Participant: 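For reference, the structure I am asking about is given below.
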Amino acid sequence: MAEAGASRPRPRVFVARLIPDDGLAPVVEACEARVWEGELPPPRDELLRAVEGCDGILTLLTDRVDDELLDRAGPGLKVVSNFAVGFDNVDVDACTRRGIAVGNTPGVLTETTADLAWALLMAAARRVAEGDRYVRAGRWKTWGPMLLMGPDVHGATLGIVGLGRIGQAVARRAMGFGMTILYYDTRPADPSIEGELGATFVPLDDLLARADFVSLHVNLTEETRHLVNAARLRSMNSDAILVNTSRGPVVDQKALFEALRDGAIGAAALDVTDPEPIAADDPLLSLDNCLVVPHIASASRATRGKMAAMAAANLLAGVRGERLPTPVNPEVYEGYEGR
Ligand code: DGY
């Protein structure tokens, strides 16, 4: 039996990468924390070893959390805190079955992610990356009346697939550009949201056929995997620009390559690819009408700090047996209701 007044052991946690101090400092202060300091994610076998006996783990979207990992962590694991709003790397059902709370970081990255979606949309339309490559290659000889022309953004039609928090933030930016805003989601948004954004709900196939720009803002699920497939790409207008800041597998990437190569659509701008990272010799990267950045939509200093603080708050609440501030699977708490 523990002696009266003996201090309780600090919770054991594994933090799967260096994160901003806003989150790391409170975790290190409160826990016996092992932090993976590599630039690359822990290799699977290291990750499995590192989680053994942990009360909590702070994971990134590069770390797969599944039954195998949960078995290795053992029965003491109380919380998986994912440093992202997306959680497709976590088998949430497996966690729920074991009563393990899963946390994510919603809300704090909405505007920053919408900023990057907008930057990609603008850059692809106005051929910013191509222009930069052109200048650096010494190809800029004179002002050209038809040099690097692209479509106008203002006044064009934007199709938003997934009108959640980030989709809405993208729509608000589009309002400033006088765009017609169409959206598709599993169900129409509240009329007050539609009214505020001037956004019209249409079936996905109508949206794809009518939009000059299509921006994807859905979670990756079995239903949304390859949502944008070969047939849908071919149904888009041939100047259309596809922007993806959601998850790479939402788009069939081989079909996207073929559509871009054949001029079935105008251009694509991707923050996410399938797989990540995309191989340097992937055929997509040989195309001038494809712009790719390395999954940086939430990468403003302020936002990454807030994500770190939120992930730490979830982790610490979880190891203390408290309700997470932002649980993905609140059903783990149902048994405790009313006590
Ligand atoms: C997320 O949070 O899901 C993003 O993809 C990374 O910030």
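Counting starts at 1 for both ligands and their atoms, in listed order. The structure presented is a predicted model; accordingly, all values stated were derived computationally and were not measured. Values below: every heavy atom of this structure, side chains too, minus hydrogens, waters and symmetry copies.
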Participant: Establish, from distance only, whether the side-chain atoms of Thr221 and Asp88 form a donor-acceptor pair under 3.5 Å.
Facilitator: no

Participant: Do me a favour and list the nearest non-hydrogen protein atom to atom 2 (O) of ligand 1 with residue, atom name and distance?
Facilitator: Val85 N, 2.7 Å

Participant: Between Asn89 and Asp63, do the side chains contain a donor N or O and an acceptor N or O under 3.5 Å apart?
Facilitator: no

Participant: Ignoring hydrogens, just give me the one of His295, Arg247, Arg304, Met307 whose non-hydrogen atom is nearest atom 3 (O) of ligand 1.
Facilitator: Arg247

Participant: Among side-chain atoms of Glu194 and Tyr183, is any donor-acceptor pair under 3.5 angstrom?
Facilitator: yes

Participant: Ligand 1 and Leu109, any nitrogen or oxygen pair closer than 3.5 angstrom?
Facilitator: no

Participant: Judging by distance only, is a nitrogen or oxygen of Ala84 under 3.5 angstrom from one on ligand 1?
Facilitator: no

Participant: Treat each ILVMFWY residue as a node, draw an edge where side-chain heavy atoms are under 4.5 Å apart, and state whether Phe201 and Leu208 are in one component.
Facilitator: yes

Participant: Is the closest N or O pair between Ser298 and ligand 1 shorter than 3.5 Å?
Facilitator: yes

Participant: Val102 and side-chain contact (heavy atoms from CB on, under 4.5 Å): which partner among Cys95, Pro327, Ser81?
Facilitator: Cys95

Participant: Go through ligand 1 atom by atom and flag the ones less than 4.0 Å from a non-hydrogen atom of Gly86.
Facilitator: 1 (C), 2 (O), 3 (O)

